Amino acid sequence: MTRAVVLGGGFAGSLAGAVLARHADDVIVIEDDHYPSGPRARRGLPQSQHSHVLVAGGARALQELLPGTLEELFARGAHHRRLPGDALILAAAGWFRRLDTGAYLISCSRGLLDQVVRQRALGAVSTWTGTRALGLVGDASRVTGVAVSREGAAPETIEADLVVDATGRRSKAPRWLAELGGAEIEETTVSSGLAYSTRVYQAPAELAGEIPAIMLHPRPVAGRPGQGATLFPIEDGRWIVTLTGTRGGEPPADERGFADFARSLRDPIVADLMAAATPLGGIRPYRDTSNRRRYFERARLPVGFVAIGDAVVAVNPVHSHGMSVAALSTLRLDRELTRRGLDPAASADLQAAMTAEAESSWRMAVAQDAGPAGRMAVVEEAEPAGRREATAFEREILARRTRALLSSPELAAEFFRAQTLMPARAEKDGSAVARALRGEPDPLLTTREAVMQYPALHAWWDALNRVPGGREPSLR
């Protein structure tokens, strides 16, 4: 009889439990928290009150792992938004045009997503809530189980053929492995310098369900902090608004400061929407946004142990990759176990596969956070660290490509598919870039023209901003 134990019963741990139930006779998921009875925030998940989206690559993986999950999410109020077809995005260079790139995101509250996934994933496993993992059991060559402490009971040991660490960015696995005599786990931390504050709103009746996702990227200006905002529709006619800022420009968490910060951004549309909506609850700040990577694959790990998800690579949450990388990683875990079987001796290969699934997310996050911060920021604006200063010709080429991205279906598809962890299109040959550099970029959209792409939003915005002479607010 084979047994697998999963440490952590969050999003990654639930999916790992579902996968392992297909390959092991017995699966136990260890979770020190207690799950809420409904789609509500969970005490043991510090970020559960903030915005969470599944990007296209992760959504596809989740649907393959747990068929019918997306349909249930939509039935319960989650929103599907194409990028940038259903998203009003102000990038550093200007407004995106509505384009069909095949990329998308799914937005809902984290509480709803977790509840739907738990109900579908954990039916075939034993879930021990209120149980704290104390450490790994075994030696430097093999992990044979895990020591746990259940509420009201003496510590005990659970024997296992495979232990999967899904405890996230605060994983204690490096210390536990060291206590078994194992090698030190290398770790890299890249500070994003980013902070954010979030509030949930009840949308006004005329805009509930009709609004696009809204993203205001910071515009890089030397010596000044980057500041931006996102607004995503979630279930029950609500919006979740997140304001972001780098050092020296952190968004406040008080009522007046939050509103003033939103009003000070390059465009006031998020501030205007906030003013038209009804706040639900308080403003919640979050500051733990560093990118962290643990190089488990470089160490001589004991057999029978694998780390997954944020325990391996945890990127700045503003990039919206964490849950999607977890879904892609567990899908890869399923495929590897199908090919190899539950063989503890193959755990090093499993670890390498888990790391490979997180690689592209790590590279994108670190590259973006080295430049202007912000959700899905257009990184072509940033000068890569350590390079010589660009020539005037190189800057002209970069500027033309960046501007062409706003209206080129080919360039936008390449960009948004990468950002949403989708495979690159096979026909990519550089011709779109060449056309963009040879031709004259499309004119930049004014704010009015950008908003006009979304009829319901435009009707509301136009009434709010109608002024004598037909003038409109200018970008800051």
Side-chain angles (χ1 to χ4, degrees), residues 10-11 39-42 45-56 58-59 73 76-81 83 86-90 104-117 169 192 194-203 207-209 211-218 227-245 250-253 258 261-262 265 269-271 273-274 277 279-289 310 314-327 361 365 368 373-377 419-421:
F11 185 83
R40 295 189 297 275
R42 181 161 63 86
L45 185 64
Q47 274 193 278
S48 58
Q49 303 279 2
H50 296 276
S51 62
H52 288 81
V53 299
L54 273 173
V55 297
L73 288 171
R76 296 181 62 175
H79 295 262
H80 179 284
R81 293 293 183 265
L83 295 173
D86 300 320
L88 179 64
I89 303 176
L90 176 59
Y104 62 89
L105 60 80
I106 295 170
S107 63
C108 63
S109 72
R110 180 63 187 265
L112 174 62
L113 181 62
D114 280 352
Q115 185 193 45
V116 170
V117 168
R169 63 169 58 226
S192 70
L194 190 79
Y196 57 90
S197 295
T198 298
R199 196 174 204 180
V200 176
Y201 293 82
Q202 189 69 47
L207 290 176
I211 197 169
I214 298 176
M215 306 176 194
L216 305 181
H217 296 165
Q227 296 177 323
T230 61
L231 184 154
F232 294 110
I234 60 175
E235 70 275 12
D236 301 325
R238 294 177 294 163
W239 300 335
I240 188 164
V241 176
T242 297
L243 307 182
T244 61
E250 296 90 346
F258 193 77
F261 184 100
L265 297 175
I269 190 166
V270 170
L273 289 165
M274 286 164 48
L280 301 174
I283 300 161
R284 299 178 180 272
Y286 195 81
R287 301 294 184 261
D288 186 12
T289 63
D310 279 1
V315 302
N316 177 355
V318 81
H319 298 299
S320 300
H321 281 178
M323 294 187 303
S324 293
V325 169
S361 174
Q368 291 188 20
R375 184 187 300 273
M376 296 185 178
Q419 291 289 327
T420 58
L421 306 177

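What you are looking at is a predicted structure, and each value in this text was computed from that prediction instead of being measured.
- Listed here is the closest heavy atom pair of I211 and R81: O-NH2, 2.9 Å.
- Partners of P251 under the side chain to side chain contact (heavy atoms under 4.5 Å, CB included) rule, at least two apart in sequence or in another chain, are A195, S197, L243, F261.
- In this structure, I234 and H79 approach most closely via the heavy-atom pair O-NE2, 3.2 Å.
- With values rounded to the nearest 0.5 angstrom, L265 atom CG is found 12.5 Å from H217 atom NE2.
- At a threshold of 4.5 Å between non-hydrogen side-chain atoms, the residues L83 and Q419 do not count as touching.
- In this structure, the side chains of L273 and L207 come closer than 4.5 Å at one or more pairs of heavy atoms.
- Legend: residues meeting ring pair (Phe, Tyr, Trp, His ring centres under 6.0 Å) with Y201, ordered by chain and number and at least two apart, are absent.
- S324 pairs by the side chain to side chain contact (heavy atoms under 4.5 Å, CB included) definition with L54, V55, L421, not counting sequence neighbours.
- With contacts defined as side-chain heavy-atom distances shorter than 4.5 Å, the pair D114/H52 does not qualify.
- Of all the heavy atoms in A277 and A203, the pair that sits closest is CB-CA, 4.4 Å.
- The CE atom of M215 sits 10.5 Å away from atom CG of L231, with the distance rounded to the nearest 0.5 Å.
- Judged as a side-chain hydrogen bond (donor to acceptor under 3.5 Å, both in side chains), and not counting sequence neighbours, the contacts of S361 are H321.
- H319 is not listed as a side-chain neighbour of S192, based on a closest heavy-atom distance of 4.5 Å or more.
- Atom CZ in R76 sits 10.5 Å away from atom CG in L113 (nearest 0.5 Å).
- Residues I269 and L88 form a side-chain contact, since some pair of their non-hydrogen atoms from C-beta on lies under 4.5 Å apart.
- Remark: E250 engages no residue in a salt bridge (charged side-chain N to carboxylate O under 4.0 Å, His left out) (not counting sequence neighbours).
- Minimum heavy-atom separation, Q202 to G237: NE2-O, 3.0 Å.
- Minimum interatomic distance between M323 and V53 (heavy atoms only, all atoms of both residues): CE-O, 3.6 Å.
- The side chain to side chain contact (heavy atoms under 4.5 Å, CB included) search around A78 returns L73, F74, I106, C108, not counting sequence neighbours.
- You'll find the ring centres of H80 and Y104 inside the 6.0 Å limit.
- With sequence neighbours excluded, the residues satisfying salt bridge (charged side-chain N to carboxylate O under 4.0 Å, His left out) with R238 are E235, D236.
- Remark: R284 CZ to T198 OG1 distance equals 9.5 Å, nearest 0.5 Å.
- Between the CG atom in N316 and the CG atom in D288 there is a gap of 9.5 Å [rounded to 0.5 Å].
- At a threshold of 4.5 Å between non-hydrogen side-chain atoms, the residues F11 and R110 count as touching.
- Shown here for T289 and L194, the closest heavy-atom pair between the two residues is OG1-O, 2.6 Å.
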